[in-house]
Amino acid sequence: MTSTVLLITGFRPPHSAMPRYDFRRIESRWQQYWEQHQTFRVEDCVADKPKMYVLDMFPYPSGEGLHVGHPEGYTATDIVCRYSRMRGRNVLHPMGWDAFGLPAEEFARKMNVHPRIKTEENINTFRRQLKMLGFSYDWSRELSTTDPDYYRWTQWIFLQIFDTWYDAECVWTGPDGVQRRGRGRPIAELPIPAEVAAAGQAAVRRYQDQQRLAILSEAPVNWCPELGTVLANEEVVDGVSERGGHPVVRMNLKQWMLRITAYGDRLADELADLSWPDSIKLMQRNWIGRSVGAEVDFRVATTAQAQQAWQQSRAAGGFPVRAESDVIRIYTTRPDTLYGVTYMVLSPEHPLVDQLTTAEQQAAVQQYRQQAAMKSELERTDLAKTKTGVFTGSYAINPVNGQPVPVWIADYVLISYGTGAIMAVPGHDERDYEFACQYQIPIVQVVAAASADGPQADLSVAAFCELGVAVNSGPWDGMRTEDVKQRITADLAARGLGREAVNFRLRDWLFSRQRYWGEPFPIWHELDADGQPTGLLRADPVQSLPVLHPHVEDFQPTGTPEPMLSKATGDWLYRTAEDGVRLKRETNSMPQWAGSCWYYLRFCDNRNSDCFIDPRKERYWLPVDLYVGGAEHAVLHLLYSRFWHKVLFDRGYVSHPEPFRRLVNQGMILGENGEKMSKSRGNVVNPEQVVNDRGADSLRLYEMFMGPLEQVKPWQTSGVEGVYRFLSRVWRMIVDDRAEQVVLDAAVQDVAATPEQLRILHQTIRAVTDDIERMAFNTAISRMMEFTNAMSGQAVRPKCVLESFVLLLSPFAPHIAEELWSALGHAQTLAYEPWPQADPQWLVEESVEVPVQVNGKLRTRIVVPVDTAADVLQATAEADEVVRRQLEGKTVVKVVVVPGRLVNFVVR
RNA sequence: GCCGGAGUGGCGAAAUGGCAGACGCGCCGGAUUCAAAAUCCGGUAUGGGUAAAACCAUGUGUGGGUUCGAGUCCCACCUCCGGUACCA
């Protein structure tokens with residue numbers, strides 16, 4: 001009875017088998033297939049395939065799970081990888097976890113669960129969510145920075161840095177065949193001055209310890225009591241911690257510093273050859289902030305004879321490495337303005353301040369220094385509206401003209417930059433100008449405008465900071481600024497009073513933290529008989545690595561700058577060496593940046609227990625061909641990684657000077673309201689939800705269809721709907737959605753394609769291919785939509801055309817593509833099918849529509865054969881009715897004819 | 001302040017100096033349906049014009065410039081976003 005009714009009404013039973021595009025079934029099926037068949041496992045060092053290393057910035061596995069921002073970059077790289085495999089490349093596409101860090105430790109503190117447990121839980125969530133999206137990672141290469149097998153080698157690299165000193169004069173040629181000046185060399189090769197050698201073994205060791213690239217030094221640091229750790233300058237924003245916004249105070253602590261500044265020149269110069277966005281290169285260059293100028297010595301004023309004697313000794317002995325105790329050494333980028341110096345400024349922390357302060361000024365200076373010390377970084381920058389300072393009572397002699405100038409202290413001069421002291425030229429420096437006005441210090445003009453039409457100097461209004469010509473500058477008057485700089489520096493150098501100098505805005509990298517959940521340092525402190533540190537250090541032997549975390553009972557912060565690891569028991573903290581020396585372990589831990597500095601190397605060889613990377617694999621895979629991640633890492637992570645890489649390069653462990661050949665930054669995805677996504681704004685989109693609603697292929701496609709990868713763009717849930725509809729149309733174009741099984745639609749036939757169909761196909765192949773090469777995924781998807789719109793209307797859809805199309809679609813929407821490929825009769829995955837080739841024969845249209853303009857305004861369009869010559873094209877245009885009317889009664893002055901593009905009549 | 005990047009329909013966007021708005025969303029109309037969903041077809045920058053078309057004018061943040069021709073190149077400015085902040 002039922003069947004009768006069915007026949008009469010044409011009603012078909014709902015069939016669960018698979019009529020429609022059922023993404024749930026398709027996606028889980030193909031994810032299982034890839035996993036079972038190890039489809040994306042990659043071999044190292046394959047000789048007959050060109051390699052391609054495509055890397056995502058690995059995520060911090062937060063407790064929140066995946067964010068829609070993650071799949072943006074990951075989808076882009078996955079498309080490139082899948083495409084590249086089909087183009088015959090051997091593709092390395094790994095994923096891992098940057099899993100050390102404070103949140104897991106905070107959680108441990110609240111819940112008393114070991115950070116490792118929470119970390120593993122978070123990683124499991126992230127891995128599950130990423131696998132849902134169908135990325136073609138080689139999961140056998142997965143790693144976490146928190147794996148002892150991984151951080152063993154992080155510690156090992158630290159020891160290499162510890163074992164290295166920077167020989168700035170060394171000229172050498174690397175394995176890349178490029179000659180460089182400056183090289184990190186083994187500390188054992190450091191020349192020891194005779195007097196140090198004579199002072200004994202301990203003196204030699206202390207001397208070496210000062211020259212290493214990793215040194216312990218007493219430095220003013222940002223201590224955050226709330227977080228229980230010191231923070232790098234970069235982690236402090238406006239005087240509070242970047243994470244959590246807790247107050248930060250400055251204090252002096254002994255901390256590990258990595259001497260990244262030694263590599264400042266190379267880090268800046270070697271950006272040149274990288275395929276990175278210019279804006280990122282510029283940001284790095286600005287961050288490094290290399291400037292060229294001069295160091296100049298000003299002797300504290302005493303008697304004329306003493307001054308003369310000093311100058312004579314300098315003329316004879318040259319410019320010393322360290323200035324004498326009565327000499328103020330300054331750094332300036334404008335040595336040409338030396339004649340305009342009307343005062344000098346020492347930073348309040350400068351070691352000469354006490355010595356220079358006269359009895360009358362004692363109280364004022366003392367008070368000022370105390371104030372400055374108490375000011376946080378925030379206040380010091382915030383209160384910068386009006387400059388403050390105090391006169392020390394002393395004068396120094398200007399080496400170019402013998403004039404005495406007063407010496408002040410002021411907190412607008414930073415102890416950490418240059419020499420911590422400046423010559424002040426209020427006429428030609430904004431800050432000095434402001435200060436001089438504040439304290440009625442004379443302002444002298446020594447630079448005049450170079451020409452009448454450029455910016456002019458008016459020192460009654462503002463400092464004149466432009467280049468120009470020297471005035472009031474003795475022998476240099478009339479010379480151009482650039483020339484005076486050169487010659488005055490040379491002149492000072494000849495007299496032993498100055499020299500050319502280079503400075504960096506970049507500071508050395510504060511490399512220790514006081515947290516539990518970071519890599520322990522493989523370093524011991526020697527103790528004396530009383531159990532006090534002697535200041536001498538010992539490195540763990542590399543065979544004994546990793547230094548594992550100690551067991552601790554609770555994760556409450558110590559409340560003091562004493563590191564968390566100091567809560568460890570004695571057997572972790574202390575040891576007696578073979579020679580009987582009592583040792584205490586270093587209890588600081590490494591910052592989160594450490595693990596991410598070199599993970600791209602370990603992906604090439606993540607199971608190696610003999611070395612951090614097999615040199616053969618390093619030479620095969622490195623450098624990374626494409627690195628995609630957020631612009632928030634534009635400076636720090638990328639600079640730190642490059643630094644470590646260069647140390648490893650100098651020490652012969654890696655063969656390329658740079659780790660990342662090409663860099664692309666994805667733009668942030670905003671909430672639907674155009675604001676940054678955040679819990680507090682309530683506009684967070686959960687990718688897992690999108691996958692459940694519309695499938696991974698739709699999510700991937702939408703993330704790419706939103707707009708250019710690099711651009712910031714708002715999320716639109718209706719847009720996901722749009723690409724889902726597109727995938728449904730693709731499905732119906734090939735599969736009969738009325739059948740109970742996945743069978744081809746009756747229109748899909750094994751026949752030859754028509755010329756029109758071939759033209760559409762090959763134009764699509766060409767456009768999609770070009771767009772993938774340009775990483776313009778949004779337009780590639782548009783082209784596939786156009787193809788689908790055109791082909792769906794065809795009564796007969798040749799199978800061969802659809803097969804090529806499915807291959808084009810597969811990098812973007814791999815699950816549906818695999819399913820369709822299988823429906824089209826293929827037993828194997830399409831992951832390694834050759835990428836379709838555009839046949840030039842079908843790329844040319846037979847005729848073309850050419851716009852005709854009159855005076856640049858579009859008047860009509862004419863259709864002509866595609867290769868119509870210029871004169872014929874013009875004649876055709878002139879013959880056109882609309883054009884004739886437009887040209888009537890006017891004089892044609894000129895005709896612009898671009899064959900195949902346009903005709904333009906210029907008339908009067 | 002300084003250094004980057006970006007301003008194009010109702011929205012996301014597209015456009016080697018050569019037809020502005022491809023593609024998608026939304027909306028409007030139609031087909032299918034008892035009805036709805038889904039699907040399919042058509043339309044959709046603005047103003048004028050027309051019964052409807054044709055057609056005309058305007059239009060890529062603002063103002064200028066180069067050019068036969070400018071969203072695209074140059075100059076000045078405005079707005080938004082990102083970076084940076086006394087670096088001598």
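In what follows, every chain begins at residue 1, and chains take the letters A, B, ... in the order their sequences are listed. On a predicted model such as this, the values are computed, not experimentally measured, just so you know.
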(request) Nearest-nucleotide wise, let me know which of A:Arg732 and A:Ile280 is further upstream toward the 5' end of RNA chain B. (result) A:Ile280

(request) Looking at every strand, decide which applies to A:Ser291 at a 4.0 Å heavy-atom threshold: base, sugar-phosphate, or nothing. (result) sugar-phosphate

(message) Do A:Tyr702 and A:Thr717 pair up side chain to side chain, a donor and an acceptor below 3.5 Å, judged on atom types alone?
(response) no

(message) Rounded to whole Å, please give me the gap between CD in A:Gln853 and P in B:G18.
(response) 11 Å

(request) Could you tell me which nucleotide pairs with B:G24 by Watson-Crick or G-U wobble geometry, both distances under 3.5 Å, or answer none if nothing does? (result) B:C11

(request) Check the distance between B:G24's P and A:Ile781's CD1 and give it to me in whole angstrom. (result) 12 Å

(message) Under 4.0 Å, counting only non-hydrogen atoms across every strand here, what does A:Asn503 touch: a base, just sugar-phosphate, or nothing?
(response) nothing

(message) Taking the minimum atom-to-atom distance to the side chain of A:Arg729, which one of B:C3, B:C86, B:G24 wins?
(response) B:G24

(request) Both distances under 3.5 Å, Watson-Crick or G-U wobble: report the partner of B:A38, or none. (result) none

(message) Nearest to the A:Leu282 side chain among B:C23, B:G12, B:G4, which nucleotide is it?
(response) B:G4

(message) Please classify the glycosidic conformation of B:G9 as syn (within 90° of 0) or anti (everything else).
(response) syn

(request) Taking atom types as modelled, find out whether A:Tyr417 and A:Ser347 have a side-chain donor-acceptor pair closer than 3.5 angstrom. (result) no

(message) What is the distance, to the nearest angstrom, from the NE2 atom on A:His428 to the C1' atom on B:C86?
(response) 19 Å

(request) Tell me what A:Asp429 touches on the nucleic acid: a base, only sugar-phosphate, or nothing, going by heavy atoms under 4.0 Å. (result) nothing

(message) On the nucleotide B:A6, are OP1 or OP2 found under 4.0 Å from the side-chain N or O atoms that A:Gln711 carries?
(response) no

(request) Looking at every strand, decide which applies to A:Glu430 at a 4.0 Å heavy-atom threshold: base, sugar-phosphate, or nothing. (result) nothing

(message) Can you measure A:Phe777 atom CZ to B:G24 atom C1' for me and round it to whole angstrom units?
(response) 18 Å

(request) Return the value, rounded to whole Å, for the distance between atom CE of A:Met283 and atom C1' of B:G82. (result) 7 Å

(message) Students often get this wrong, so: under 4.0 angstrom with heavy atoms, is A:Arg859 touching a base, only sugar-phosphate, or nothing?
(response) sugar-phosphate

(request) Among B:C25, B:C23, B:G12, find the nucleotide with the atom closest to the side chain of A:Arg725. (result) B:C25

(request) Among B:G69, B:C56, B:C19, find the nucleotide with the atom closest to the side chain of A:Asn904. (result) B:G69

(message) Without decimals, in angstroms, what is the distance between A:Asp880 CG and B:C19 P?
(response) 18 Å

(request) Give a yes or no on whether A:Glu430 atom CD has more than 12 heavy-atom contacts from other residues, nucleotides or ligands under 6.0 Å away. (result) no

(request) Ignoring the backbone of A:Tyr417, work out which of B:A88, B:G18, B:C23 is nearest its side chain. (result) B:A88

(message) Let's see if you can work this out: which of B:G18, B:C19, B:U84 has an atom nearest to the side-chain heavy atoms of A:Val896?
(response) B:G18

(request) Look at the side chain of A:Asp411 and decide which nucleotide, out of B:G18, B:G83, B:C86, has an atom nearest to it. (result) B:C86

(message) Nearest whole Å is fine: how far is B:G26 C1' from A:Tyr724 OH?
(response) 19 Å

(request) Give one of base, sugar-phosphate or nothing for A:Ile422, where a contact means two heavy atoms less than 4.0 Å apart. (result) base

(message) Would you call the rings of A:Tyr439 and A:Trp408 parallel, tilted or perpendicular, taking 30° and 60° as the class edges?
(response) tilted

(request) Just name whichever nucleotide pairs with B:G18, Watson-Crick or G-U, keeping both distances under 3.5 Å, else none. (result) B:C68

(request) Any strand is fair game: report the nucleotide pairing with B:G82 by Watson-Crick or G-U wobble, both distances under 3.5 Å, or none. (result) B:C3

(request) Examine the side chains of A:Thr261 and A:Asp508 and answer whether a donor and an acceptor come within less than 3.5 Å of each other. (result) yes

(message) Categorize A:Asn789 for me: base, sugar-phosphate, or nothing, with a 4.0 angstrom heavy-atom threshold over every strand shown.
(response) sugar-phosphate

(request) Pick base, sugar-phosphate or nothing for A:Gln886, based on heavy-atom distances below 4.0 Å to the nucleic acid. (result) sugar-phosphate

(message) Counting only side-chain heavy atoms from C-beta out, which of B:A88, B:A13, B:A22 sits nearest to A:Pro708?
(response) B:A13

(message) Among B:G12, B:C23, B:C19, which nucleotide has an atom closest to any side-chain atom of A:Gln716?
(response) B:G12

(message) Once you measure the plane-to-plane angle for A:Tyr21 and A:Trp731, does it fall in the parallel (<30°), tilted (30-60°) or perpendicular (>60°) bin?
(response) tilted

(request) Return the nearest nucleotide to the side chain of A:Tyr412; candidates are B:C86, B:A15, B:A13. (result) B:C86

(request) Please state how far atom CZ in A:Phe705 lies from atom C1' in B:A13, giving the value in whole angstrom units. (result) 8 Å

